[in-house]
Asker: 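Quick one: the structure is below, questions incoming.
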Amino acid sequence: MKRIINTPNAPAPIGPYNQAILIGDTLYTSGQIALDPVTMELVLESIEAETTQVMQNMKAVLEAAGMTFENVVKSTIFIMDMNDFARINSIYGSYFDEKTAPARETVQVAGLPKEVNIEISMIAIR
């Protein structure tokens, strides 16, 4: 059975989608960008601040589904500039235990919603 996951602790969707969908024990998240969930303003002071906001948004979505980053089995990171990879990776990696970190791909793209620099989506399993 499909269960919609929405929390006020992550940005409200800005289109025809939900923050996440839970099917059985598997959670599929929508991509998160660096929108502050309270103000709905972008956090773009630095790539580190932007990545931190994205990960905090993802943490809120995971928690709304009763999960943590330990449940994540797959991540996809979309970035505008591969030159930011090391700084993004440093922040991203701080949310995981390196020994149990999920599978992941990082892809440089031509554009992202609202002209942000990073978007991350995840799949998690209970």
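Atom set for the values below is all heavy atoms of this structure, side chains included, hydrogens, waters and symmetry mates excluded. Quick caveat, the model's predicted, so the values are computed rather than measured.
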Asker: Quick one: ring-ring contact (aromatic ring centres under 6.0 Å, His included) partners of Phe69, sequence neighbours excluded?
Answerer: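 ring-ring contact (aromatic ring centres under 6.0 Å, His included) list for Phe69, sorted by chain: Tyr95, Phe96.
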Asker: Going by salt bridge (charged side-chain N to carboxylate O under 4.0 Å, His left out), name the residues that satisfy it together with Glu70, two or more places apart in sequence or in a different chain.
Answerer: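 With neighbours one apart ignored, the set is empty.
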Asker: Distance from Thr29 atom OG1 to Leu62 atom CG, nearest 0.5 Å?
Answerer: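 Rounded to the nearest 0.5 Å, the OG1-CG separation comes to 7.0 Å.
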Asker: Going by ring pair (Phe, Tyr, Trp, His ring centres under 6.0 Å), name the pairs with one or both residues in residues 8-43, residues two or more places apart or in two chains.
Answerer: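 Residue pairs passing ring pair (Phe, Tyr, Trp, His ring centres under 6.0 Å), neighbours aside: none found.
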Asker: Taking only residues two or more places apart in sequence, or in another chain, which ones meet Glu105 in a salt bridge (charged side-chain N to carboxylate O under 4.0 Å, His left out)?
Answerer: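 Only Lys74 meet the salt bridge (charged side-chain N to carboxylate O under 4.0 Å, His left out) criterion with Glu105.
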Asker: Can you pull out every side-chain hydrogen bond (donor to acceptor under 3.5 Å, both in side chains) where at least one residue sits in residues 107-125? Sequence neighbours excluded, please.
Answerer: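 Only Glu50-Asn117 qualify under side-chain hydrogen bond (donor to acceptor under 3.5 Å, both in side chains).
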Asker: Using the rule that two of Ile, Leu, Val, Met, Phe, Trp, Tyr join whenever any of their side-chain heavy atoms come within less than 4.5 Å, decide whether Met55 and Met80 are in one cluster.
Answerer: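 They do not share one cluster, since no chain of ILVMFWY contacts under 4.5 Å joins Met55 to Met80.
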Asker: With sequence neighbours left out, which residue pairs that include part of residues 8-18 fulfil the salt bridge (Lys or Arg N to Asp or Glu O under 4.0 Å) condition?
Answerer: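 Residue pairs with at least one partner in residues 8-18: there are none.
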Asker: Taking only residues two or more places apart in sequence or in another chain, which ones pass salt bridge (charged side-chain N to carboxylate O under 4.0 Å, His left out) with Asp97?
Answerer: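 Here no residue qualifies.
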Asker: Filter on salt bridge (Lys or Arg N to Asp or Glu O under 4.0 Å), then keep only pairs touching residues 2-20, sequence neighbours left out; what's left?
Answerer: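 Counting only pairs at least two positions apart or across chains, no salt bridge (Lys or Arg N to Asp or Glu O under 4.0 Å) contact touches residues 2-20.
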Asker: Same cluster or not: Val116 versus Ile118, using hydrophobic residues (I, L, V, M, F, W, Y) connected whenever any side-chain heavy atoms lie under 4.5 Å apart?
Answerer: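 In one cluster: no.
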Asker: Are the side chains of Thr68 and Asn71 in touch, meaning some heavy atoms are under 4.5 Å apart?
Answerer: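 Counting from C-beta outward, Thr68 and Asn71 do come under 4.5 Å.
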Asker: Hey, what do you get for CD (Glu63) to CD1 (Ile5), rounding to the nearest 0.5 Å?
Answerer: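 Reported value, rounded in 0.5 Å steps: 12.5 Å.
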Asker: Does any pair with a residue in residues 28-42 pass salt bridge (Lys or Arg N to Asp or Glu O under 4.0 Å), and if so which ones, sequence neighbours excluded?
Answerer: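 For residues 28-42: none.
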Asker: Quick one: do Met67 and Tyr92 end up in the same hydrophobic cluster if we chain Ile, Leu, Val, Met, Phe, Trp and Tyr together by side-chain heavy atoms under 4.5 Å apart?
Answerer: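 Result: yes, single cluster for both.
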Asker: Say whether Val54 and Phe78 are linked into one hydrophobic cluster, either directly or through other cluster members, by side-chain heavy-atom distances under 4.5 angstrom.
Answerer: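 Hydrophobic grouping puts Val54 apart from Phe78.
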Asker: Report the C-alpha distance between Ile120 and Arg104 in whole Å, list the side-chain angles of each, state the deciding distance to 0.1 Å, and finish with yes or no for side chain to side chain contact (heavy atoms under 4.5 Å, CB included).
Answerer: CA-CA 10 Å; Ile120 299 176; Arg104 175 186 83 186; over 6 Å; no
Asker: Do Asn18 and Ser30 come close enough that some side-chain heavy atom pair is under 4.5 Å?
Answerer: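 Side-chain contact under 4.5 Å: no.
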Asker: Holding to salt bridge (charged side-chain N to carboxylate O under 4.0 Å, His left out), I want the full list of residues that pass it with Arg87, two or more places apart in sequence or in another chain.
Answerer: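 Applying salt bridge (charged side-chain N to carboxylate O under 4.0 Å, His left out) to Arg87 gives Glu48, Asp84.
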Asker: Which side-chain N or O atoms in residues 19-26 pair as donor and acceptor under 3.5 Å with protein atoms at least two apart or in another chain?
Answerer:
| unit_1 | atom_1 | unit_2 | atom_2 | d |
| --- | --- | --- | --- | --- |
| Gln19 | OE1 | Thr7 | N | 2.5 |
| Gln19 | NE2 | Thr7 | O | 3.0 |
| Gln19 | NE2 | Ala10 | O | 3.2 |
| Gln19 | NE2 | Pro11 | O | 2.9 |

Asker: Which pair of heavy atoms, one from Val72 and one from Met122, lies closest together, and at what distance?
Answerer: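 Result for this residue pair: CG2-SD, 3.7 Å.
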Asker: Under 4.5 Å between side-chain heavy atoms, counting indirect links through other Ile/Leu/Val/Met/Phe/Trp/Tyr residues: same cluster for Ile33 and Val109 or not?
Answerer: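 As far as the 4.5 Å side-chain criterion goes, Val109 and Ile33 are connected within one cluster.
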Asker: Judged by atom type as modelled, is there a donor-acceptor pair below 3.5 Å linking the side chain of Arg126 to the main-chain atoms of Leu27?
Answerer: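 Judged by distance alone, no pair lies under 3.5 Å.
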Asker: Is any side-chain heavy atom of Val61 less than 4.5 Å from a side-chain heavy atom of Gln32?
Answerer: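 Touching, per the 4.5 Å side-chain cut-off.
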Asker: For Asn83, check side chain to side chain contact (heavy atoms under 4.5 Å, CB included) against everything at least two apart and list the hits.
Answerer: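 Result, side chain to side chain contact (heavy atoms under 4.5 Å, CB included) vs Asn83: Asp81.
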